[in-house]
Amino acid sequence: MKIGDKVTFLSEVGGGIVSGFQGKNIVLVEDSDGFEIPMRVSDVVVVESESYDKPNPYAKSNKSYKNNHAAEDEAEKEQEPADLPVTFRAEPEERKGGEKLYAYLAFVPMDVKDMDNNRYQMFFINDSNYYMQFVLATRENSVCHMRNTALVEPNTKMLLGEIGREDLNGLERVLMQLIAYKENKPYMRRPVVDVELRIDGRKFYKITSFTENDFFEEDAMLVPVVEDDRVSEK
């Protein structure tokens, strides 16, 4: 006799489904009205046995402790370590001589053999031990148009996009604003940068405008934003 078996009473009219046991001699029988009736095991007889291959209608009630949270815990245990999200983030390495602010806009030709119809990759370079949060905009008369904003980690460069010949006029007056700070450690306050740069579009057609530098394997045009803590002059 097991939970789920259909039984009938020997000594009286009635019967139901076995829903549980109390000790070795008492069986709990649930009747058609949902009431549990305690009966001696010797007073009931199985008329239809619940196969082990069939789902047990009482399994859920007898194992209610397996709630949603437990199921989620089991699912997490089954996850492969490689499938888990990466939460560790290494702190950026600082370098000697990086305590002063150096930042540049850089332009790298994509095809040095065709300077007349070339396209260029545009980068922001943070050459310091500070995080830099910047806003890059262009100005047309008294109206500004925001082009990029980002947080750049220490001693890294960030690709801002590609520009072509049709974009050069829009870069004639570039506005750069940035703040510098360090995370999770004390630091010396650095000046807030707010500068307008004038980029001469004619230089993009001259191969001599692109020179060897410390940031790219290719020759590049570097436009200083701040050097040695000094903001570039307009």
*Asks:* Surrounding CD of E162 (heavy atoms of other residues, nucleotides or ligands, distance under 6.0 Å), is the total greater than 12?
*Replies:*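 For E162, atom CD is crowded (more than 12 foreign heavy atoms under 6.0 Å).
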
*Asks:* Counting distance only, does the side-chain N/O of D31 pair as donor-acceptor with the main-chain N or O of G16 below 3.5 Å?
*Replies:*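 Side chain of D31 to backbone of G16, a donor-acceptor pair under 3.5 Å: no, none is there.
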
*Asks:* Please verify the inter-ring angle class for F124 with F134; under 30° counts as parallel, over 60° as perpendicular, anything in between as tilted.
*Replies:*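 Taking F134 first and then F124, their aromatic rings lie parallel (interplane angle under 30°).
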
*Asks:* Give me the atom names and distance for the closest heavy-atom approach of F216 to A106.
*Replies:*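 What the structure gives for the nearest pair is CE1-CB, 3.7 Å.
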
*Asks:* Any idea which heavy atoms bring V27 and V44 closest together, and the distance?
*Replies:*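 Answer, listing the atom of V27 first, then V44: CG1-CG2, 3.9 Å.
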
*Asks:* Quick one: CD1 on I179 to CG on L151, what's the gap to the nearest 0.5 Å?
*Replies:*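 If we round to the nearest 0.5 Å, I179:CD1 and L151:CG are 9.0 Å apart.
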
*Asks:* Kindly say whether D111 contributes a backbone atom to a donor-acceptor pair with the side chain of N118 at under 3.5 angstrom?
*Replies:*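 Indeed, once roles are kept as given, a pair shorter than 3.5 Å links the two residues.
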
*Asks:* Please verify the inter-ring angle class for Y181 with Y131; under 30° counts as parallel, over 60° as perpendicular, anything in between as tilted.
*Replies:*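 Parallel: the ring planes of Y181 and Y131 meet at under 30°.
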
*Asks:* Is any side-chain heavy atom of V18 less than 4.5 Å from a side-chain heavy atom of K2?
*Replies:*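 Side-chain contact under 4.5 Å: no.
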
*Asks:* With distance as the sole test, does T149 use its side chain to make a donor-acceptor pair with the main-chain N or O of V135 at under 3.5 Å?
*Replies:*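 Checked: no pair found.
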
*Asks:* Does Y104 belong to the same Ile/Leu/Val/Met/Phe/Trp/Tyr cluster as L160, with side-chain heavy atoms less than 4.5 Å apart forming each link?
*Replies:*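 Result: no, two separate clusters.
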
*Asks:* Establish whether L222 and V193 are linked, either directly or via other cluster members, by ILVMFWY side-chain heavy-atom contacts under 4.5 Å.
*Replies:*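 Hydrophobic grouping puts L222 apart from V193.
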
*Asks:* Considering all heavy atoms of both residues, which atom of R147 and which atom of G170 are nearest to each other, and what is their separation?
*Replies:*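 The answer is NH1-O, 4.3 Å.
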
*Asks:* Please step through side-chain contact (heavy atoms from CB on, under 4.5 Å) for the pair T211 and D219, ending with a clear verdict.
*Replies:* CA-CA 5 Å; T211 58; D219 291 348; 5.6 Å; no

*Asks:* Measuring from I26:CD1 to D43:CG, what's the distance to the nearest 0.5 Å?
*Replies:*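 That separation rounds to 8.5 Å.
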
*Asks:* Measure the spacing between CG of N148 and CE of M176 and express it to the nearest 0.5 Å.
*Replies:*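 Output value for this atom pair is 9.0 Å.
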
*Asks:* If you draw a 6.0 Å radius around CZ in R40, do more than 12 non-hydrogen atoms from other residues or ligands fall strictly inside?
*Replies:*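 Atom CZ in R40 is not crowded, with 12 or fewer foreign heavy atoms closer than 6.0 Å.
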
*Asks:* Is the side chain of T138 donor-acceptor paired with the backbone N or O of L175 at a distance under 3.5 Å, no angle test?
*Replies:*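 Checked: no pair found.
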
*Asks:* I'd like to know if Y120 and M110 are part of one continuous hydrophobic network [Ile/Leu/Val/Met/Phe/Trp/Tyr, side-chain heavy atoms within less than 4.5 Å].
*Replies:*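 Per the 4.5 Å side-chain linkage, M110 and Y120 are not co-clustered.
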
*Asks:* Any side-chain to backbone donor/acceptor pair from D229 onto L101? Under 3.5 Å, distance only.
*Replies:*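 Present.
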
*Asks:* With a 6.0 Å cut-off (strictly less than), is the heavy-atom count around CD of E12, excluding the residue itself, greater than 12?
*Replies:*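 Yes, the 6.0 Å shell around CD holds more than 12 heavy atoms from other groups.
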
*Asks:* Restricting to non-hydrogen atoms, name the atom on A137 and the atom on M146 that form the minimum distance, rounded to 0.1 Å.
*Replies:*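 Taking every non-hydrogen atom into account, CB-CA, 3.9 Å.
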
*Asks:* For E166, does the CD atom have more than 12 heavy-atom neighbours from other residues, nucleotides or ligands under 6.0 Å away?
*Replies:*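 Yes, CD of E166 has more than 12 neighbouring heavy atoms, counting only those of other groups under 6.0 Å.
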
*Asks:* Are K203 and F107 in a cation-pi setup, meaning NZ or CZ lies under 6.0 angstrom from the ring centre and within 45 degrees of the ring axis?
*Replies:*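 Not flagged: K203 not positioned over aromatic ring of F107.
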
*Asks:* Is it possible for you to say whether L178 and I125 belong to one hydrophobic cluster, with membership spreading through side-chain heavy-atom contacts below 4.5 Å?
*Replies:*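 L178 does not cluster with I125.
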
*Asks:* Check whether the ring centres of F123 and F215 lie less than 6.0 Å apart, and answer yes or no.
*Replies:*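 Between F123 and F215, the centre distance exceeds or equals 6.0 Å.
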
*Asks:* Can any side-chain N or O of N129 pair as donor or acceptor with the backbone N or O of R95 at less than 3.5 Å?
*Replies:*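 Flag set: sc N129 to bb R95 pair under 3.5 Å.
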
*Asks:* If the threshold is 4.0 Å, N to carboxylate O, is there a salt bridge linking D228 and K100?
*Replies:*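 Judged by the 4.0 Å cut-off on N to carboxylate O distance, D228 and K100 do form a salt bridge.
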
*Asks:* Is the backbone N or O of Q121 less than 3.5 Å from a side-chain atom of R119, with the two atoms forming a donor-acceptor pair by type?
*Replies:*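 No, because the side chain of R119 does not come within donor-acceptor range (under 3.5 Å) of the backbone of Q121.
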
*Asks:* Could you tell me the separation between the CG atom of N126 and the CG atom of N155, rounded to the nearest 0.5 Å?
*Replies:*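 It comes to 6.5 Å.
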
*Asks:* Examine distances only and state if a side-chain atom of D167 and a backbone atom of L171 form a donor-acceptor pair shorter than 3.5 Å.
*Replies:*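 No, because the side chain of D167 does not come within donor-acceptor range (under 3.5 Å) of the backbone of L171.
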
*Asks:* To the nearest 0.5 angstrom, please state how far the CE atom of M39 sits from the CG atom of L10.
*Replies:*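 Reported to 0.5 Å precision, the distance equals 8.0 Å.
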
*Asks:* How far apart are the closest heavy atoms of S232 and P224, and which atoms are they?
*Replies:*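 In this case the closest contact between S232 and P224 is OG-O, 2.8 Å.
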
*Asks:* State the NZ-OG distance between K182 and S128, to the nearest 0.5 angstrom.
*Replies:*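 With rounding to 0.5 Å, NZ (K182) is 8.5 Å from OG (S128).
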
*Asks:* Do L136 and V108 belong to the same hydrophobic cluster, where Ile, Leu, Val, Met, Phe, Trp and Tyr are linked whenever their side-chain heavy atoms lie under 4.5 Å apart, directly or via other members?
*Replies:*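 Hydrophobic grouping puts L136 apart from V108.
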
*Asks:* Using atom types as modelled and distance alone, determine if a side-chain donor or acceptor of N213 lies under 3.5 Å from a backbone N or O of E218.
*Replies:*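 Looks like yes, one N/O pair under 3.5 Å.
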
*Asks:* May I ask you to check whether Y187 and E99 show a side-chain donor-acceptor distance below 3.5 Å?
*Replies:*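 No, because no side-chain N or O of Y187 sits under 3.5 Å from a partner of the opposite role on E99.
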
